[in-house]
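Quick caveat: nothing in here was measured; it's all calculated off a predicted structure. When a ligand or atom number is given, it counts from 1 through the structure's own listing order. Keep in mind that the numbers below use all heavy atoms, side chains included, and drop hydrogens, waters and symmetry copies.
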Amino acid sequence: MPTEQYDDCWLRYERVADDALRDAYRRRCRHAYVAEKSPECSAVRDELRRAVPGLLGEDVHLWQHPPTTAEGFLAVGTPDDMAMIAESVPAEAVEDLVDGGYLLRSVEWEGQDCLVVTAPTDRGLVYGTFHLLRLMATGEPVDDLDVREEPATPNRLLNQWDTPFRGTVERGYGGESIFDFDRLPDLRDRYEDYARLLASIGINGIVVNNVNTDYYPRGTTTEAAQEFDGWRLLESRRLEDLTSLASVFRRYGIRTYLSVNFAAPMLVGDLDTADPLDEDVRAWWREKADEVYDLLPDFGGFLVKADSEGQPGPYDYDRDHVDGANAIAQALDPHGGRVWWRAFVYGSHEDRAVQAYDTFEPLDGEFADNVTVQIKNGPIDFQPREPVSTLFGAMPETDLGLELQITQEYTGQGVHATYHLPMWTEVFDFDTHAGGAGTPVKSFFRDPGEGVVGVGNVGEDHSWTGHYLAQANLYAFGRAAWNPDCDAEAVTTEWAEQTFGADEEVVETVVEILHDSLEACIDYETGGLGLMHMMHNGEEYLENHYYPSLEEWPGYHGASEDGIGVDRTSTGSGYAAQYRDPVAERYESPETCPEKYLLFFHHLPWDYELDDGTTVVQRLYDNCYDGVDEVRRLRDRWAALEGRVDERRHRHVAERFEEQVAQAERWRDVLTERFRDCSGVPDEQGRVPEP
Ligand code: GCV
């Protein structure tokens, strides 16, 4: 079999150019002693074997006992594993750390300069080692290390939307699925490299299959659906196969989860109902959970998309989401497993924004302790910009999960350079006022059953993500899930340094491109005043949600002769009132509503005057044009890096930028011409053609 070829992403481990720094690293890391006990520790050893030769230009000497050498060394283990660690680091400092937390210390041991990576759990040792390697890859000194790190968020999960047995990834733009479920238990190197990438950014759980467990695209016959169904992963032989894949992730501290079909008792079992209150159904889930845990003792749990976009659910039996989620939760409970139950429901309300809150808020307090309600960041669907979902802060008695989209379904897919971290920090920092002023969204994911979830963006492509710069979205997701208070610019800089090396001009340019990219996308795709979902819903897979179209979803923009926007105030759908005051009050009035959400909450005349006296329609024109100008500027910034970035990656990104500019112009033209037609108001600058 040919060696698989794909990019190393941010784990490149290129030689440290600075001699003094390299010597300092060598003094402490050329010899290493890693506890010999667990799969995680063997992963640490493997990582050192990969990284040290790259960074230092020589092999690491791995010892099976404390090194007896005249040089310093790196020790990785818990205090129980090694006397050297127990004697170098106070026991309480380690015991105090939560699962995943770790300490990095520069210490002197028997007259030698050493480094200690220690933690209360083996998972923490993996994270601590990756942290140390990151410091070296980014040229940070290690002579005086005193790092204490803990994840702020207990569950940091990846959701793969990979459709098993079909090999595709729903909304995936990095190529086919890397997972070949049909060939399990055979493993590919790529699985391990994926696990390494995820562990290096602190991910501790992966749902390996699509939430759509019935493959359902338009036109699919029932027969074809049967052939490709992800629900089959719950079949006994598939579960046995899964154990090999799970063992790869386990080495890196990552627990495996499955998306399951609510009707599994009928599809996988042979029951004639999936009614969650039926005793046979509940017993079936218990037996299935027992079987899963026999094979995978550290299994994380089940993710369920129910009564949503055609997936079956408790409504099929006149039951509610609590009945549905709790029936599955009772089966997982004896094993410490958890149900992640999605709140992505719409269809029965004229304004879909209203429905998730209407459905789930009244159920607060009724979900079992091992159920987490998983909520998308906004009330619609991963748009370039949405206000934060009203459910955050509305369910104090329920464990919540925040679902973010790493893949760029609505932000240019595999073509546009659009960086999501600024969007996520905006979500994390949003003050819900649920417990009074100062209750930001990020405060809801700290309990053991809570977490932050990202819809993944990798595939078979050499770049993994279809666009080399889109790797930054995966990286940033992990770092932000670990610490929602992270300094966004610092995270992006460390990604750029690890990915493109130490050339300051390259790093600064890449960071600038990434940080300016989201606003540009918002401008050309939405006009920047809170409009959204003006997308083509084509039959062609990659066309879907990529090109502009205002005809197909008129309800999202509300453009008519008299104005534009959607009234979600008390005179409209009432969505604004689902927030707590003073947020609800602020959004209710166009005078106080932030401009970026103005047309999400209000239907306003085209000539409505904004704070600076510009009319709504003129601002929309201006923003659409500014967005394109900005993308051209970013393209030129990247072009100027020619010769400073390797040819393969430079060309790839440059070509995509050309396409992005063309598409941004298309978006601008479609939007502005439609606004011009509807409003009858010419562009003051004469850029928009007259009808
Ligand atoms: C996995 C949107 C996407 C679907 C996705 C769905 C969901 O509708 O377009 O591809 O399905 O969200 O999040 O369940």
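With respect to the salt-bridge test (charged N to carboxylate O, under 4.0 angstrom), the residues E519 and R385 qualify. The pair R342-E309 fails the salt-bridge criterion, with no side-chain N (NZ, NE, NH1 or NH2) lying under 4.0 Å from an Asp/Glu carboxylate O.
Ring centroid separation for the pair Y597 and H602 does not come in under the 6.0 Å cut-off. A ring-centre distance under 6.0 Å is not found for H321 and F262.
Looking at E403 next to ligand 1, no N or O pair under 3.5 Å apart turns up.
When each atom of ligand 1 is checked for a heavy atom of E170 under 4.0 Å away, the hits are 1 (C), 4 (C), 5 (C), 10 (O), 11 (O). Within ligand 1, counting atoms from 1 as listed, the ones closer than 4.0 Å to a heavy atom of H545 are 9 (O).
With Y587 as the aromatic partner, R568 does not meet the cation-pi criteria of under 6.0 angstrom to the ring centre and within 45 degrees of the ring axis.
Using a 4.0 Å cut-off between heavy atoms, F382 makes no contact with ligand 1 at all. In D381, the part holding a heavy atom less than 4.0 Å from any atom of ligand 1 is the side chain.
Nearest to atom 3 (C) of ligand 1 by heavy atom, out of M535, E409, R342, is E409. The option from Q374, K376, E309 that lies nearest to atom 8 (O) of ligand 1, judged by heavy atoms, is E309.
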